[in-house]
Amino acid sequence: MQNTKIIKRLLAVSVAAAMFGSVGAQAQTAASTQMGASTTAATASGTAKLTAADRKAIMDMAMSNMAEVEMGKMAQSKGQNADVKAFAQKMVDDHGKALTEVQTLAQSKGVTLPTELDAKHKAMGAKLEKMSGDAFDKAYTKQGGVGAHKETLAKLQKASKAAKDTDVKGQVDKMIPVVQEHLKHAEQLASGKAGSTGSSGAAGHTGSSH
């Protein structure tokens, strides 16, 4: 009889331990699931909070930087004028750095960027590719220099006013003075002013702080 009671008590203790162990495991699993859901929700909310204007700003910055880098590389190989080639090198350097920053920003916000130029910029590149010599230098300065930077500056200024996300606005505002300096330099090149090479230093100073 004594042995029977002891066995029953041991069985009761084992069952109780098993039950508590099961409850504990369930609670731990539930907590882990809840944490995972919270993390996912936080990530989703971080992505979802971007407005359409913020997303467009990121996409526009990426596209303009990609285009300037591609045209700059082309100008380095096809250009003849030393000032134009120096300007092209500046575009590759400055817009290359900016593109890297935009890519990092896009990744942190869950925005997928295009991996190639859009039809508009491809057409511009194809047109320049067919040119050579002085004609190329003039066309590149006008399109990749003055025209493209005017368009980019207008988009950036609009994006700065419309931006709701502080990180997006910060990147936009960081690019504006660089693009303004590039535009000024390009306009000097287009006008044929002898001091155009000197302005490269100013553009370089702005770019280095970028």
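As the structure is a computational prediction, the values presented were derived from the model and not from experiment.
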- request: Would you sort out whether Gln171 and Asp167 count as a side-chain contact (heavy atoms from CB on, under 4.5 Å), showing the intermediate values?
  value: CA-CA 6 Å; Gln171 185 62 40; Asp167 295 328; over 6 Å; no

task: Determine, step by step, whether Gln89 and Asp93 satisfy the side-chain hydrogen bond (donor to acceptor under 3.5 Å, both in side chains) criterion, reporting the C-alpha distance in whole Å, the side-chain angles of both residues, the deciding distance to 0.1 Å, and the verdict.
output: CA-CA 6 Å; Gln89 178 64 58; Asp93 292 343; 2.9 Å; yes

Check against side-chain hydrogen bond (donor to acceptor under 3.5 Å, both in side chains), Lys155 and Ser64: CA-CA 10 Å; Lys155 287 183 178 180; Ser64 63; over 6 Å; no

task: Test Val84 against Lys138 for side-chain contact (heavy atoms from CB on, under 4.5 Å), laying out the working first.
output: CA-CA 9 Å; Val84 170; Lys138 288 181 178 178; over 6 Å; no

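With hydrogens and angles ignored, the 3.5 Å screen pairs no side-chain donor or acceptor of Asp165 with any backbone N or O of Leu50. Judged by distance alone, the side chain of Ser160 and the main-chain N or O of Leu156 form no donor-acceptor pair under 3.5 Å. His149 contributes a side-chain N or O that, together with a main-chain N or O of Gly145, makes up a donor-acceptor pair within less than 3.5 Å.
Using a 4.5 Å cut-off on side-chain heavy atoms (C-beta onward), Met74 and Phe136 make contact. Side-chain contact between Asp137 and Met131 is absent, with no heavy atoms from C-beta onward closer than 4.5 Å. Looking at Arg55 and Lys109, their side chains never come closer than 4.5 Å, going by heavy atoms from C-beta outward. Looking only at side-chain heavy atoms (C-beta outward), Asp134 and Gln80 stay at 4.5 Å or farther from each other. The shortest side-chain heavy-atom distance between Gln76 and Phe87 does not fall under the 4.5 Å cut-off.
Cluster annotation: Val92 and Tyr140 are assigned to distinct hydrophobic clusters (Ile/Leu/Val/Met/Phe/Trp/Tyr, side-chain heavy-atom contacts under 4.5 Å, transitive). In terms of hydrophobic clustering, with Ile, Leu, Val, Met, Phe, Trp and Tyr side chains grouped at heavy-atom distances under 4.5 Å, Val172 and Met59 are assigned to a common cluster.
The nearest pair of heavy atoms linking Ala106 to Ile58 is CB-CG2, 3.8 Å. Residues Met175 and Asn65 share a closest heavy-atom pair of CE-OD1, 3.5 Å. What you find for Met71 and Gly144 is that their closest heavy atoms are CE-CA, 3.7 Å. Residue Ser191 comes nearest to Gln188 through the heavy atom pair OG-O, 2.9 Å, listed as atom of the first residue, atom of the second, then distance. Closest non-hydrogen pair, Gly96 versus Val69, comes out as N-CG2, 3.6 Å. Annotation for Leu117 and Lys122: closest pair O-CE, 3.1 Å, computed over non-hydrogen atoms.
Annotation: the span from Gln180 atom CD to Leu153 atom CG amounts to 5.5 Å, rounded to 0.5 Å. Atom-to-atom distance recorded for Asp118:CG and Met124:CE is 9.0 Å, nearest 0.5 angstrom. Here Gln143 contributes atom CD and Lys127 contributes atom NZ; the two are 5.0 Å apart, rounded to the nearest 0.5 Å. In this structure, the separation between CG on Leu105 and CG on Leu113 is 8.5 Å, given to the nearest 0.5 Å. Taken from OG1 in Thr112 to CD in Gln107, the straight-line distance is 10.0 Å, to the nearest 0.5 Å. The line from CG of Leu183 to CD of Glu181 is 9.5 Å long, rounded to the nearest 0.5 Å.
Under a 4.0 Å N-O distance rule, the pair Glu101/Lys97 does not qualify as a salt bridge. The existence of a salt bridge linking Glu68 and Lys73 is excluded, since no basic side-chain nitrogen approaches an acidic carboxylate oxygen closer than 4.0 Å.
Side-chain contact, Ser132 with Lys78: no donor N or O sits under 3.5 Å from an acceptor N or O.
For Lys85, the NZ atom is densely surrounded, since the number of other residues' heavy atoms within 6.0 Å is greater than 12.
Here the two rings, on His182 and His95, have centers that are under 6.0 Å apart.
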